[in-house]
Amino acid sequence: MTIEELENIISMRANASPDQSWTARLLEKGSVKVAEKFGEESIEAVIEAVRNDRERLIAESADVLYHLLVMLHSQSIGISDVMEELDRRHMQSGIMEKASRKQQPGK
């Protein structure tokens with residue numbers, strides 16, 4: 001499965017009944033809850049990385065990717081928007097990119 005395919009599945013399930021779709025149920029709770037769930041899954045992935053548990057890290061990483069895409073969907077942001085930002089950053093070194101963010105308010 002590609003990340004774009006997962007994004008399409010999330011888009012379809014977002015329109016399903018919350019009684020039949022975890023995605024729809026989560027989105028129904030609002031963007032704050034969606035963001036909290038993404039944060040929770042991210043922390044779980046970090047814990048498994050620290051524990052050096054490869055299998056659990058893979059499983060938690062799948063959860064992170066899914067919940068990231070749900071969070072992006074809740075904000076009407078597509079994975080293509082994120083990929084465009086990565087392309088933009090690819091044009092400069094990571095050190096230069098980080099330095100440019102320090103000059104921007106709120107970063």
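Atoms considered below: every heavy atom in the structure, side chains included; atoms not considered: hydrogens, waters and symmetry mates. For the single chain, residues carry numbers from 1 onward in sequence order. Since we're looking at a predicted model, the values are computed, not measured.
- Ser61 OG to Glu44 CD: the interatomic distance, rounded to the nearest 0.5 Å, is 11.0 Å.
- Of all heavy-atom pairs spanning Val34 and Met71, the tightest one is CG1-CA, 3.3 Å.
- In this structure, Ser74 OG and Lys33 NZ are separated by 13.5 Å, a value rounded to the nearest 0.5 Å.
- Grouping Ile, Leu, Val, Met, Phe, Trp and Tyr by side-chain contacts under 4.5 Å, direct or through others, leaves Ile58 on its own.
- Rounded to the nearest 0.5 Å, atoms NE2 (His67) and NZ (Lys37) are 5.0 Å apart.
- Of all heavy-atom pairs between Ala14 and Leu27, the closest is CB-CD1, 3.4 Å.
- Transitive grouping of hydrophobic side chains (ILVMFWY, heavy atoms separated by less than 4.5 Å) brings Val70 and Met83 into a common cluster.
- Between Arg51 and Arg56 the shortest side-chain heavy-atom distance does not fall below 4.5 Å.
- With His90 contributing its side chain and Leu86 its backbone, the two residues share no donor-acceptor pair below 3.5 Å.
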Practice item. Apply side chain to side chain contact (heavy atoms under 4.5 Å, CB included) to the pair Phe38 and Val64, showing each step before the final yes or no. Key: CA-CA 6 Å; Phe38 171 72; Val64 168; 3.8 Å; yes
Point to revise | Full working for salt bridge (Lys or Arg N to Asp or Glu O under 4.0 Å) between Arg89 and Glu85 | key: CA-CA 6 Å; Arg89 291 181 184 187; Glu85 175 63 13; 2.9 Å; yes
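- Residue pairs meeting the side chain to side chain donor-acceptor pair (under 3.5 Å) criterion with at least one partner in residues 7-24, sequence neighbours excluded, are Thr23-Tyr66.
- Between Glu28 atom CD and Arg25 atom CZ the span is 8.5 Å, to the nearest 0.5 Å.
- Cluster annotation: Leu65 is connected to Leu26 through the hydrophobic network of ILVMFWY side chains, with a link wherever side-chain heavy atoms come within less than 4.5 Å.
- Leu69 is connected to Ile77 through a chain of hydrophobic side-chain contacts under 4.5 Å among Ile, Leu, Val, Met, Phe, Trp and Tyr, so both are in one cluster.
- Once rounded to the nearest 0.5 Å, the distance linking CG of Leu68 with CD1 of Ile79 reads 6.0 Å.
- To the nearest 0.5 Å, atom CD of residue Glu55 and atom CD of residue Glu48 are 11.0 Å apart.
- For the pair Glu5 and Met1, the tightest heavy-atom approach, listed with the atom from each and the gap, is OE1-CA, 3.1 Å.
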